[in-house]
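To start, the structure itself, in structure tokens.
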Amino acid sequence: MRRPLRRDFVWGVSTSSYQIEGAAQVDGRGPSIWDGFCREPGRIANGDTGDQACDHYHRYREDIALMQSIGVNAYRFSTAWPRVLPKGRGAANEAGLAFYDRLVDGLLEAHIEPWVCLYHWDLPQALQDLGGWTNRDSAEWFADYARLIAGRLGDRVKRFATFNEPSVFTIFGYSAGGQPPGTKELESFYATIHHVNLAHGAAVDALRGVAGASIGVIHNMQPARPAHPTPADGKAAAILDDIWNRAFPDPQIIGDYPASLRAGIDLHRREGDMERICRPIDWLGVNHYSPIYAKAEGASPLGFAWAEVPADAPRSPIGWQVDPEAFRDTLLDAHDRYGLPIYVTENGAGAAEKLDAAGGVNDVERIDYLSRYIEAMREAAEKGADVRGYFVWSLLDNFEWGAGYTNRFGLVFVDYATQKRVPKASARWYAATIKAHAAQATS
Ligand code: IFM
């Protein structure tokens, strides 16, 4: 018989503020960089925006009931900086803070532990107008925001993460395009990496003010593979690996940047910065979906170009490679390199889905993906990775950034026109998985 996961294993679901909350102009929320970006022609599929999304701001009680029916014991969500500080700093918005009070209280009443992430990409526009993450002051803006959330929720919330996937919003926001602010300047890109790292360290210190806080950070980690077995593509993949997988966790946890980034970062680094960045944390969040590929591209400022998934690779309905062994190996590598307790804070599969004739969604491909990935996680745990929890991305179908509402990742289908929620077959499957674990853990 397989060795079971830890008795206290955390089973959860994840979401983020801009992707589900909606209520973008309600109760004093200020604009975020995504509000404006979505309105730029051609940026988002179908011109979609997060204005309404899943209207979770008003329907959070129903969403908590859905979590209860699935049986999760943790919910990871992000607080929207512009909802609590409409201008990013200065006067707090009481109505915004009160929303998170209600959400946290509702979760605790339902015996679901709130896991709060401070930043899932929705920077207040007012701060972007001051240069956003290219401005070194951003570290202090972020620490002040962290203090505000810690002071308000810290009596009830103990699990905090500073950032979600900093390499994604810095690469796509400042180098490759596709996310706000949509600039492509190498120097801004390096500045952003360093300032986000400083902001992480400053926020960790701020969050330590919460008695009993368990503080982590959430990184996307995926093997970066060469498109072809050539030395040039091997080098391209190594550069992508440094930028995608190492540029943030290495300085935050090990205290140094990968060698290939040092010259670019040095322009922005001041004495004492590495100590400011590398603050002790309690856990590492790993988001993982599939491997990524790079090829040599002499003309590219970073020395690589993104490459397609190999034609013969198994894929999810939205074309992402399905490779559970890569997930197992990622967890083992993260364990060896960083030595922290690991929580898988995102994993899931996207699809373009509709309700079937019976009014449900029989998402067998998602169930197959999740069961194979959970099995791979078990293998990693058996081989020694200290994996303590798993959160499916996502509870609900939601606003999938550049893809708008076309890609659905939810265990629960959302009919955006009516806001009706319909649990998919995967929601029932996940409920049964959690139950089976509980039965095994108590036997
Ligand atoms: O929806 C995103 C999430 O915001 C960050 N991680 C990947 C998910 C799926 O693309």
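In this text the structure is predicted, and so the values were computed from the model without any measurement.
When ring centroids are compared, Phe160 and Trp115 stay outside the 6.0 Å threshold. Phe327 has its ring centre less than 6.0 Å from the ring centre of His288. Taking the six-membered ring for Trp and the full ring otherwise, the centers of Phe391 and Tyr343 sit at least 6.0 Å from each other.
Of the possible polar contacts, none joining the Ser78 side chain to the Ser16 backbone as a donor-acceptor pair under 3.5 Å is found. Here the side chain of Asn135 pairs a donor or acceptor atom with the backbone of Leu130 at under 3.5 angstrom. The backbone N or O of Gly22 sits nowhere less than 3.5 Å from a side-chain atom of Asp55 that would complete a donor-acceptor pair. Gln419 places a side-chain N or O within donor-acceptor distance of the main-chain N or O of Ala53, the cut-off being under 3.5 Å. Counting only distance, with no hydrogens or angles, the side chain of Asp129 and the backbone of Leu127 share no donor-acceptor pair below 3.5 Å. For Asn46 (side chain) and Asp48 (main-chain N/O), no donor-acceptor pair under 3.5 Å exists by modelled atom type. Side chain of His437 to main chain of Arg6: a donor-acceptor pair is present (N/O by atom type, distance under 3.5 Å, no hydrogens or angles).
Residues satisfying the salt bridge (Lys or Arg N to Asp or Glu O under 4.0 Å) criterion with Asp101, sequence neighbours excluded, are Arg152, Arg156. In this structure, the side-chain hydrogen bond (donor to acceptor under 3.5 Å, both in side chains) partners of Asn164, at least two apart in sequence or on a different chain, are Arg76, His120, Asn287. Contacts of Phe77 classified as ring pair (Phe, Tyr, Trp, His ring centres under 6.0 Å), with partners at least two apart in sequence or in another chain: Tyr75. Residues passing the salt bridge (Lys or Arg N to Asp or Glu O under 4.0 Å) test with Arg315: none are found, sequence neighbours excluded. Applying the side-chain hydrogen bond (donor to acceptor under 3.5 Å, both in side chains) rule to Thr170 yields no partners; only residues at least two apart in sequence or on another chain are considered. Under the rule for a salt bridge (Lys or Arg N to Asp or Glu O under 4.0 Å), the partners of Glu353 that lie at least two apart in sequence or sit in another chain are Arg366, Lys424. In this view, Gln179 satisfies the side-chain hydrogen bond (donor to acceptor under 3.5 Å, both in side chains) rule with no residue, not counting sequence neighbours. Under the rule for a ring pair (Phe, Tyr, Trp, His ring centres under 6.0 Å), Trp141 has no partner lying at least two apart in sequence or in another chain. Applying the salt bridge (Lys or Arg N to Asp or Glu O under 4.0 Å) test to Asp415 and every residue at least two apart in sequence or in another chain returns nothing. Residues that satisfy the ring pair (Phe, Tyr, Trp, His ring centres under 6.0 Å) test with Tyr60, not counting sequence neighbours, are Phe99.
Scanning all heavy atoms of the two residues, the minimum distance from Ala143 to Ala202 falls at CB-CB, 3.7 Å. Heavy-atom minimum distance, Ala203 versus Ala146: CB-CB, 3.9 Å. Of all heavy-atom pairs spanning Ala91 and Leu85, the tightest one is O-CD2, 3.7 Å. Contact record, Ser426 with Ile367: CA-CG1, 3.7 Å, taken as the closest heavy-atom pair. Tyr100 and Ala80 make their closest contact through OH-N, 2.9 Å (heavy atoms, listed as atom of the first residue, atom of the second, distance). Ala176 and Trp306 make their closest contact through CB-NE1, 4.3 Å (heavy atoms, listed as atom of the first residue, atom of the second, distance).
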Would you list the atom pairs, donor with acceptor, under 3.5 Å between side chains in residues 185-197 and any protein atom, with sequence neighbours excluded?
residue, atom, partner, partner atom, Å
Glu185, OE1, Ser188, OG, 2.7
Thr192, OG1, Ser188, O, 2.7
His194, ND1, Tyr257, OH, 2.8
His194, NE2, Asp273, OD2, 2.7
His195, ND1, Trp133, O, 2.8
His195, ND1, Thr134, O, 3.3
His195, ND1, Ala191, O, 3.2
Asn197, OD1, Gln252, NE2, 2.8
Asn197, ND2, Ile193, O, 3.3
Asn197, ND2, Ala247, O, 3.2
Asn197, ND2, Tyr257, OH, 3.1

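Salt bridge Arg225/Asp323: present, at least one basic N to carboxylate O contact under 4.0 Å. With respect to Arg421 and Asp63, a salt bridge is recorded, a charged nitrogen being found less than 4.0 Å from a carboxylate O. Under a 4.0 Å N-O distance rule, the pair Asp386/Arg388 qualifies as a salt bridge. Remark: Asp282 engages Arg208 in a salt bridge, criterion side-chain N to carboxylate O under 4.0 Å. For Asp242 and Arg246, the salt-bridge test fails: no basic side-chain N is under 4.0 Å from an acidic carboxylate O. Arg328 and Glu325 are not joined by a salt bridge, as no carboxylate oxygen comes within less than 4.0 angstrom of a charged side-chain nitrogen. A salt bridge links Arg337 and Asp250; the closest N-O separation between the charged side-chain nitrogens and carboxylate oxygens is under 4.0 Å.
For Lys158, the NZ atom counts as densely surrounded, since its 6.0 Å shell holds more than 12 non-hydrogen atoms of other residues, nucleotides or ligands.
Between Tyr119 and Trp81, the ring planes are perpendicular. Angles over 60° get that label, and only those under 30° would be called parallel. Relative ring orientation between Trp401 and Tyr18 is described as parallel, the plane-to-plane angle staying below 30° on a 0-90° scale split at 30° and 60°.
A cation-pi contact, defined as under 6.0 Å to the ring centre and within 45° of the axis, links Arg408 to Phe413.
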Applying salt bridge (charged side-chain N to carboxylate O under 4.0 Å, His left out), run through Arg102 and Asp105 and close with a yes or a no.
CA-CA 5 Å; Arg102 293 194 294 277; Asp105 290 345; over 6 Å; no

Residue pair Arg159, Val116: steps toward the side-chain contact (heavy atoms from CB on, under 4.5 Å) verdict
CA-CA 6 Å; Arg159 297 287 195 163; Val116 170; over 6 Å; no

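Residues Gln128 and Pro181 have side chains in contact (heavy-atom distance under 4.5 Å, counting atoms from C-beta outward).
Within the structure, every pair that satisfies the salt bridge (charged side-chain N to carboxylate O under 4.0 Å, His left out) test and touches residues 19-29, not counting sequence neighbours, is listed here: Glu21-Arg83, Arg29-Asp35.
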